[in-house]
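The block underneath contains the structure these notes are about, expressed in structure tokens.
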Number of protein chains: 2
Amino acid sequence: MEILIAEDEIQIAEPLRKNFLEEGHHSMIAADGQQALQMLEKVKFDIILLDWKMPKLSGLEVCRMVREKGDSTPILLLTALTQISNKVEALNAGADDYITKPFSFDELYARVKAIRRRFNIEHDALEHDLISMNLLDRKVQSKNGKLIELTEKEFDLLKHFIINKGIIISKEKLCQSVWGLNFVPQTNVCEVTVKNLRKKIEEVTGKKYVKTIYGEGYILIDE
Amino acid sequence: MEILIAEDEIQIAEPLRKNFLEEGHHSMIAADGQQALQMLEKVKFDIILLDWKMPKLSGLEVCRMVREKGDSTPILLLTALTQISNKVEALNAGADDYITKPFSFDELYARVKAIRRRFNIEHDALEHDLISMNLLDRKVQSKNGKLIELTEKEFDLLKHFIINKGIIISKEKLCQSVWGLNFVPQTNVCEVTVKNLRKKIEEVTGKKYVKTIYGEGYILIDE
DNA sequence: AAGAATTATGAAAAGTTCTTCATTATTTGG
DNA sequence: CCAAATAATGAAGAACTTTTCATAATTCTT
């Protein structure tokens with residue numbers, strides 16, 4: 001993910017950046033609201049973290065301005081205040097969630113992932129690391145913007161992998177959800193389709209996401 | 001559409017039924033809340049009209065019970081009361097809209113269509129008379145439950161027709177939105193695809209929706 | 001380390017969809 | 001009503017997708 005951290009206190013922003021990097025996400029730090037808006041002009045972020053109290057423009061103001069522009073990038077407001085009225089104010093300004101300082105990175109990261117999940121469901125999208133699938137027009141893209149041209153079967157296969165990311169999928173399950181069969185066919189259609197899918201994905205992303213678990217099935221892993 | 005009219009005053013319910021029928025929609029009348037619930041068990045309606053004041057179970061109660069069952073069929077509450085608090089109460093009970101008596105049929109019908117539109121957008125669906133398209137799984141169904149198996153091009157074509165229902169679509173527009181071309185090709189791909197789409201639709205629905213406007217293009221009409 | 005089971009792969013075959021083409025039918029304006 | 005323009009149609013051909021098959025590579029068991 002590409003994350004914008006708008007936070008004037010560097011002792012908060014910098015550890016966040018490092019933690020996100022360890023999780024495999026790139027982030028940029030904006031020292032104030034104005035700078036945040038500038039960066040938003042140039043870069044398309046996956047999520048925006050806004051400190052409520054910032055020099056020049058508050059996080060709440062930035063949030064409102066982003067929404068007024070019609071930008072629906074997920075926004076998470078960070079704040080020291082705890083009143084419920086603030087939460088309401090945040091949501092009214094168009095923020096997706098609200099977290100009170102101090103918070104652990106794990107706590108923040110869980111929220112970020114939850115917001116992304118919600119956002120994707122709303123947009124009929126699925127994503128996995130560098131891959132994003134649009135379920136409506138059935139287009140698959142790499143995060144570098146390159147299209148991954150998949151056939152119907154390959155698309156269904158990838159969709160099933162992403163929905164079940166991190167868990168082993170048996171060939172039975174695969175046949176059922178992609179081919180609509182209640183048995184494993186005598187031929188090796190699954191294997192062939194997996195092969196072709198793997199090839200197309202690697203050509204664009206350079207990564208090997210689909211692992212084989214000998215005697216058990218396949219699994220989609222993070223890298 | 002299949003409409004449930006839950007209204008104890010027959011002098012209100014019956015004219016509604018007739019008006020809907022003239023517009024080509026079938027409706028059933030329930031004389032009280034309990035009867036309404038019973039009918040909801042058996043029939044799948046496209047929209048439910050609930051009178052607020054009804055014997056046995058009020059419209060508001062029926063509304064709540066329907067939602068508790070997890071049924072998300074659009075609900076429109078009809079009422080004589082005008083207070084804003086009622087509107088809030090209605091929406092909180094899970095109703096989609098609220099209309100105050102007395103109302104003209106046109107007024108009601110406009111609301112009904114608006115609610116349906118919203119509902120379809122939320123569900124990534126499109127409909128036209130007997131046809132309903134699911135944009136997510138790309139399945140097309142007739143209201144009698146029969147599947148209409150379309151190829152990709154035919155699907156895109158139908159989608160474009162339904163989105164632009166009632167207006168003439170030139171071949172230029174068609175080529176652009178279905179074939180991604182900025183010109184009309186030398187061949188007659190459009191005509192051929194239109195032919196095949198027409199055939200499949202008529203086979204299942206028995207209706208001729210796609211009309212030709214000589215020298216201008218095509219138009220999707222209501223019947 | 002060898003044999004059996006499982007998985008991967010290239011290429012051919014089968015099945016679909018999409019496009020083209022030649023011909024027929026329909027519509028419109030004069 | 002006729003000729004020209006436009007649209008419809010069946011069938012062939014091209015392009016693409018899906019499946020099958022034979023063979024190679026890998027993994028597991030002992």
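From a predicted model like this one, the values you see are computed outputs, not experimental measurements. Numbers restart at 1 for each chain; the letters A, B, ... are given by sequence-line order, proteins then strands.
In this structure A:Lys18 satisfies the salt bridge (Lys or Arg N to Asp or Glu O under 4.0 Å) test with no other residue, sequence neighbours excluded. With sequence neighbours excluded, the residues satisfying side chain to side chain contact (heavy atoms under 4.5 Å, CB included) with A:Arg198 are A:Val194, A:Val210, A:Thr212, A:Tyr218. When the side chain to side chain contact (heavy atoms under 4.5 Å, CB included) test is applied to B:Asn182, the partners found at least two apart in sequence or on another chain are B:Gln176. Among residues two or more places apart in sequence or in another chain, the side-chain hydrogen bond (donor to acceptor under 3.5 Å, both in side chains) test is passed with B:Ser72 by none. Annotation: salt bridge (Lys or Arg N to Asp or Glu O under 4.0 Å) contacts of B:Arg118 (sequence neighbours excluded): none. Under the salt bridge (Lys or Arg N to Asp or Glu O under 4.0 Å) criterion, A:Glu22 pairs with no residue, sequence neighbours left out. For A:Gln141, the side chain to side chain contact (heavy atoms under 4.5 Å, CB included) partners two or more places apart in sequence, or in a different chain, are A:Ser132, A:Leu147. Under the side chain to side chain contact (heavy atoms under 4.5 Å, CB included) criterion, A:Ile163 pairs with A:Leu126, A:Lys159, sequence neighbours left out.
Rounded to 10 degrees, the angle separating the terminal axes of the helix from C:dA1-D:dT30 to C:dG30-D:dC1 is 30°, with each axis obtained from five end pairs.
In this structure, CG in B:Asn196 is found 7.5 Å from OG1 in B:Thr151, a value given to the nearest 0.5 Å. One distance of note links CG of B:Leu150 with CD of B:Glu152; it measures 10.0 Å at 0.5 Å rounding. Between atom CD1 of residue B:Ile131 and atom NE2 of residue B:His128 there is a gap of 6.0 Å, rounded to the nearest 0.5 Å.
Distance CG (A:Leu174) to P (C:dA8): 12 Å, rounded to an integer number of Å. In this structure, A:Ile219 places its CD1 atom 14 Å from P of C:dT7, rounding to the nearest Å.
No engagement by B:Phe155 is indicated, since no non-hydrogen atom pair under 4.0 Å with the nucleic acid exists.
For DNA chain D, the contact window with chain A, defined by any atom under 4.0 Å from a protein heavy atom, covers D:dT17 to D:dC28 in 5' to 3' order.
Contact of the B:Leu174 side chain with the B:Phe161 side chain is registered, since non-hydrogen atoms from C-beta on lie closer than 4.5 Å.
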Seminar exercise, completed: Contact string for nucleotides 11-24 of chain C, one letter per nucleotide 5' to 3', B = base within protein heavy-atom range under 4.0 Å, S = sugar-phosphate only, - = neither, reads ------SSBBBB--

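Not less than 6.0 angstrom separates the ring centroid of A:His26 from the ring centroid of A:Phe20.
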Output one line per pair: protein atom, nucleotide atom from nucleotides 25-30 of chain C, and distance, for all N/O pairs under 3.5 Å.
from: C:dT27; atom 1: O2; to: B:Tyr214; atom 2: OH; distance (Å): 3.1

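Proximity of A:Lys171 to the phosphate of C:dT6: no side-chain N or O atom is located under 4.0 Å from OP1 or OP2.
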